[in-house]
Amino acid sequence: MKFALKSALVVLAVAIVAGIAHAQFSKPEDAIRYRQSVMVLIVHHFKQMGAVVQGKANYDKASFEDHTKLVHTLSTMPWEAFMTPDSDTGKTDLEPSALKNKDEFMRAAKDFENATKNLDLAAASGNLGSIKTEFGTTAQSCKACHSRFRK
Ligand code: HEC
């Protein structure tokens with residue numbers, strides 16, 4: 001966990017130095033790599049939460065909150081990279097329809113961001129019942145976007 005936290009923080013620091021607020025990608029390949037990297041970090045932390053939710057790992061409030069905070073921060077990061085022109089070809093699983101339906105894609109992104117926020121709030125409350133509910137809602141929001149916009 002410590003290592004995962006550190007590596008995610010390094011990614012965040014790099015992203016900030018690179019000017020995340022106005023991140024612009026000079027090449028579509030850079031945008032693809034950036035967003036795929038963020039997704040890899042998201043799934044890494046999400047899986048560990050999943051193990052707790054399914055009773056396969058012990059619940060520890062503090063470490064669970066580490067995961068929810070990271071996933072919420074990560075949930076805000078990749079969307080501009082997804083909307084970069086011409087980034088729907090090459091080594092990517094992005095459905096080309098995403099770039100033509102920017103509003104819908106961004107709505108799915110926003111639903112996901114909101115779900116991760118609620119999951120983080122549930123984690124802060126320490127109530128395992130609401131954690132499970134919000135985890136389920138978040139997982140649904142991953143699926144909703146993937147089924148529509150991921151090949
Ligand atoms: C708003 C849309 C959206 C949401 C929400 C979303 N994803 Fe993705 N995800 C994508 C798209 C599109 C790709 C394909 C990216 C590419 O290949 O350029 C992807 C790729 C991935 C990948 C493959 C990364 C790789 O190695 O190339 C993983 C893993 C992943 N998502 C996990 C998740 C998980 C877990 C969640 C929820 C906790 C999630 N995603 C939420 C759109 C989304």
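Indexing begins at 1, ligand by ligand and atom by atom, following the structure's order. The residues of the chain are indexed from 1 along the displayed sequence.
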Taking only Lys NZ, Arg NE, NH1 and NH2, and the carboxylate oxygens of Asp or Glu, determine whether Glu104 and Arg107 approach each other closer than 4.0 Å.
no
Around atom 8 (Fe) of ligand 1, how many protein N, O or S atoms are there at under 2.8 Å?
2
Close side-chain approach of Met49 to Thr138, heavy-atom, < 4.5 Å:
no
May I ask you to check whether over 12 heavy atoms, not counting those of Lys151, lie within 6.0 Å of atom NZ?
yes
Quick check: does Thr92 get an N/O under 3.5 Å from an N/O on ligand 1?
yes
Taking atom NZ as the centre, does Lys61 end up with more than 12 heavy-atom neighbours from other residues, nucleotides or ligands that are less than 6.0 angstrom away?
yes
Residues passing the side chain to side chain donor-acceptor pair (under 3.5 Å) test with Thr92, sequence neighbours excluded, are Arg35
For Phe149, atoms of ligand 1 separated by under 4.0 Å from a heavy atom:
12 (C)
Which of the atoms of ligand 1 are close to Val40, meaning less than 4.0 Å from one of its heavy atoms?
26 (O)
Could you list which atoms of ligand 1 come closer than 4.0 Å to a heavy atom of Ser141?
5 (C)
Does ligand 1 come near enough to Arg35 that some N or O of the ligand is less than 3.5 Å from an N or O of the residue?
yes
Interatomic distance, Phe25 atom CZ to Ser87 atom OG [nearest 0.5 angstrom]
9.5 Å
The protein heavy atom nearest to atom 11 (C) of ligand 1 is Phe82 CE2, 3.4 Å
Would you give the length of the straight line joining atom CG of Leu119 to atom CG of Asn114, rounded to the nearest 0.5 angstrom?
12.5 Å
Identify, by atom number and element, the atoms of ligand 1 in contact range of Phe112, meaning under 4.0 Å from any of its heavy atoms.
5 (C), 37 (C), 38 (C)
How long is the straight-line distance from CG of Leu70 back to OG1 of Thr116, given to the nearest 0.5 Å?
11.0 Å
Who's closest to atom 25 (C) of ligand 1 heavy-atom-wise, of His44, Arg107, Gln36?
Gln36
Hey, could you give me the CZ/NZ distance between Phe105 and Lys110, rounded to the nearest 0.5 Å?
13.0 Å
In terms of the angle between their ring planes, are His45 and His67 parallel, tilted or perpendicular, with boundaries placed at 30° and 60°?
tilted
With only distance considered, is Asp93 within less than 3.5 Å of ligand 1 through an N or O on each side?
yes
